[in-house]
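Chain naming here is simple, since letters A, B, ... match the order of the sequence lines and numbering starts at 1 in each. The analysis underlying the following values was restricted to heavy atoms, covering all of them including side chains, and did not include hydrogens, waters or symmetry mates.
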Amino acid sequence: MSGSRQPAAVVDRVVVPAGTTASEAVKAAGLPLTGPKAIVVVRDETGRLRDLDWTPEVEVHVEPVAIDSPDGLSVLRHSTAHVLAQAVQDIFPEAKLGIGPPIENGFYYDFQVARPFQPEDLAKLEKRMQEIIKLGQVFRRRRFASLEEAKAELASEPFKLELVDIKGDGGAGQGAGIDTSEVMEVGGGELTIYDNIDPKTGKRVWGDLCRGPHLPSTRLIGAFSLLRSAAAYWRGSEKNPQLQRIYGTAWPTKDALKEYLHLLEEAARRDHRRLGTELDLFSFPDEIGSGLVVFHPKGGVIKREMEDYVRRRHIEEGFQYVGTPHISKEGLFHTSGHLPYYAETMFPPMQMEGANYYLKAMNCPMHNLIYRSRGRSYRELPLRFFEFGTVYRYEKSGVVQGLTRVRGLTQDDSHSYCTPEQAPDEVRHLLNFVLSLLRDFGLTDYYLELSTRDDSKPDKFVGSDEDWAVATAVLEQVALDSGLKLVPDPGGAAFYGPKISVQARDAIGRTWQMSTIQYDFNQPARFGLEYQAADGSRQRPVMIHSAKFGSIERFLGVLTEHYAGAFPAWLAPVQVVGIPIREDHVPYLQSFVDKLRAEGIRAEVDDSDDRMQKKIRTAQQQKIPFMVLAGDQDAADGTVSFRYRDGSQRNGVPIDEAVAHVVEVVRSRTNEGPSAA
RNA sequence: GCCGGUGUAGCUCAGUGGUAGAGCAACCGCCUUGUAAGCGGUUGGUCGUCGGUUCAAUCCCGACCACCGGCUCCA
């Protein structure tokens, strides 16, 4: 979610004369030091952010950074995290400090406390934070003369000591994932603490090991809110103790905070789990088990429309539709190489006739068997298999979530077998195809991620360095050629090869990982896949895995949130509902609806004994694209009257024209409207 | 899997150590209506499951299941 971030105003550099503070220079340049556009830090000539009380020894040119710029917001949030930590230690003196970095739209701080935080605690902490902010405490940077000095001062903070020790190691051996640069200058040779000073007394009231920089004063924290608390493993490893994390958000102004909280509300309103119940789309019966969904008739309509369309498009793009079973003997997954890597996340095997059978967690091994079922010629390549393959994965109990993280899912999975020479074109073809499909469903804003091998963890990946290099280069080139933004994801590759994933932004700016394209040189070798080349020799194909939506279930969830349940007409479970003004208008509307049904439109008449206004309300709540009303007037004129979801109307439309209108909107597969506007 | 929270009617939620209530939905009537809730009535719950404490448990305790928020993980 990207909130109301605005691009930083282009500010001229200001000159800080030797021996004076950055603050004085900013002030001399006539820039604000308070208010919603306050300059809070400066960027020096090396690109490093500096506190406003930084006093360079020689004249420097610096770039003022405003509180509402991306960097300024990070500083604001980082400082707010400090205020939170101070409040926590005021109220819970035994609390030990973890780390407290800014994150997108907010911040968090980790603490070790005797008792996990309760919601009431957050309210108390917010109140204490308000007091601290009101005091206008000053953040002051202080440099430790030595590691020993730092350790002596931080003796009562075991986690901070650990961080200092890590630094003492020379910063080496830090694979465990935490960003120590948050608390200290990695490689910068500096160890600093920020003291919080009460401006009235000049006394130090609190302090925290931190690299900074910080706001000049807590007073600049315009608005903040603590959002939730949760446990988090120290330094990100489940082998370490769990600390209690408090998440919060902070903004330069109350209005900006309000706007962000509205966005969160909007996200909650769109939650597909809630809409799935309200619109009667799907449910997760306890009796079946966690993470296993059933689609109700209305959800089934959307799912079928999606599948029908996607199947047709695959066939148009040269894919051949195949089908495979849900279980297999274990040997198959040994051959493919999946079992050693994923045994823990596959459902445990069942024994039958002396063999172990696994529920399948991936489709590719079975597609490989189809490839191998007979000799293949180079003339067949690229050979493209596609299916809706339902797979089962034993997701840990704590991670199952709605449709986005399930234990049974249907992949729109394809595998292209081609020569290494054909691979770049095939990847390009797939990328264009997946983007066109996403566009067809109304997702038009995306960027790419390139997931590569982590060379420091060779046991997580199989294959030679050369093969990885080739595969990665092919994907990278295609990604670059697409012109889309490309974000690296080191270490994110599957064990058998690198991947491109498409991240799509939804209507309220959240991004979701959708399609993936993976280059795999491993499985063809493991399965001994071959084709006969033009010269008669036997050659090894490469295979390219691709899922367009990833999982049909998840994509339906994403679409539900993207459209807030108001699906485009072509996907809507009920496309038209007829609303009679009076009970005796039902037959008139029924004949209209029959005409629509003859055209394949999903239409019905609301013949309940509710009043017309109530029927409109019901149809609105069900987010039905076309409401069609008819009373005496329309019946006499041979017309109907449209009310659309957005409340707009088109009255007195002749029957045939009305039918043609609905049919046109539905068949166009437009993702807009419909509306009279 | 780990930490915390939650679990009462189809949905949203009250409630209490003495075997339960509202609104909406559903059903039955009355009303006959032109663009977001007409009126009345009825039905509906082993209070997530199992065990314990107690004369008595929906309420207290424990285990399990599920969901929510995170962490970790995500072929």
For this session: Toss me the dot-bracket line for RNA chain B: Watson-Crick and G-U wobble, both under 3.5 Å, 5' to 3', using | for pairs to another strand and [ ] for crossers.
Result: (((((((..((((....[..)))).(((((.......))))).....(((((..]....))))))))))))....
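In summary, A:Arg650 and A:Glu657 engage in a salt bridge, as defined by a charged side-chain N under 4.0 Å from a carboxylate O. Between A:Asp455 and A:Arg453, at least one side-chain nitrogen of the basic residue sits less than 4.0 Å from a carboxylate oxygen of the acidic one, meeting the salt-bridge criterion. Salt-bridge check for A:Arg384 with A:Glu426: passed, with a basic side-chain N closer than 4.0 Å to an acidic carboxylate O. For A:Asp632 and A:Arg582, the salt-bridge test passes: some basic side-chain N is under 4.0 Å from an acidic carboxylate O. Under a 4.0 Å N-O distance rule, the pair A:Arg617/A:Asp610 does not qualify as a salt bridge. With respect to A:Arg269 and A:Glu265, no salt bridge is recorded, no charged nitrogen being found less than 4.0 Å from a carboxylate O. Using a 4.0 Å cut-off between a side-chain N of Lys or Arg and a carboxylate O of Asp or Glu, A:Arg245 and A:Asp110 qualify as a salt bridge.
Rounded to whole angstrom, the span from the CG atom of A:Leu243 across to the P atom of B:C2 amounts to 18 Å. B:C68 atom C1' lies 16 Å from atom CG of A:Leu227, rounded to whole Å. In this structure, A:Ile246 atom CD1 and B:C3 atom P are separated by 19 Å, rounded to whole Å. Distance, A:Asn240 CG to B:C3 C1': 14 Å, rounded to whole Å. For the pair A:Glu344 CD and B:C2 C1', the interatomic distance rounds to 15 Å; values are reported in whole Å. In this structure, A:Glu278 places its CD atom 17 Å from P of B:C24, rounding to the nearest Å. In this structure, A:Phe282 atom CZ and B:C67 atom C1' are separated by 14 Å, rounded to whole Å.
Distance noted for atom C1' between B:G15 and B:G7: 15 Å (whole Å). As rounded to the nearest Å, B:U8 and B:U58 have P atoms that lie 15 Å from one another. Comparing the C1' positions of B:C11 and B:A26 gives a spacing of 12 Å, expressed to the nearest Å. Separating the C1' atom of B:A9 from that of B:G44 is a span of 6 Å, rounded to the nearest Å. Between B:C47 and B:C60, the distance separating the two P atoms is 15 Å to the nearest Å. Between B:A57 and B:G52, the two P atoms lie 11 Å apart (nearest whole Å). Atom P of B:U54 sits at a distance of 47 Å from the matching atom of B:C73, rounded to the whole Å. Comparing the P positions of B:U6 and B:G10 gives an interatomic distance of 23 Å, to the nearest angstrom.
Within the nucleic acid shown, A:Val400 comes within 4.0 Å of sugar-phosphate atoms alone, with no base atom in reach, counting heavy atoms only. Residue A:Gly337 is classed as having no contact, given no heavy-atom separation below 4.0 Å to the nucleic acid.
Of the N and O atoms on the side chains of A:Lys548 and A:Ser414, at least one donor lies less than 3.5 Å from an acceptor on the other residue. Side-chain contact of A:Asn105 with A:Thr249: a donor-acceptor pair under 3.5 Å is absent, judged by distance alone.
Here the rule is side chain to side chain donor-acceptor pair (under 3.5 Å) with A:Glu395, and of A:Arg405, A:Gln401, A:Arg407 only A:Arg405 fits it.
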Seminar exercise, completed: Quick tally for nucleotides 70-75 of chain B: nucleotides whose base has a protein heavy atom under 4.0 Å get B, sugar-phosphate-only ones S, the rest -, giving BBBBBB
Exercise. Quick one: what's the B/S/- string for nucleotides 32-48 of chain B, heavy-atom cutoff under 4.0 Å, read 5' to 3'?
Worked result: BBBBBBB----------
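Within the 4.5 Å cutoff, the side chain of A:Tyr496 has heavy atoms near those of the A:Gln523 side chain. Side-chain atoms of A:Val542 and A:Asp520, non-hydrogen and from C-beta on, never get closer than 4.5 Å to each other.
Distances shorter than 4.0 Å separate none of the side-chain N or O atoms of A:Arg273 from OP1 or OP2 on B:C11. Taking 4.0 angstrom as the limit, A:Ser397 places none of its side-chain polar atoms (N or O) nearer than this to OP1 or OP2 of B:A66.
Ring centroid separation for the pair A:His415 and A:Phe386 does not come in under the 6.0 Å cut-off.
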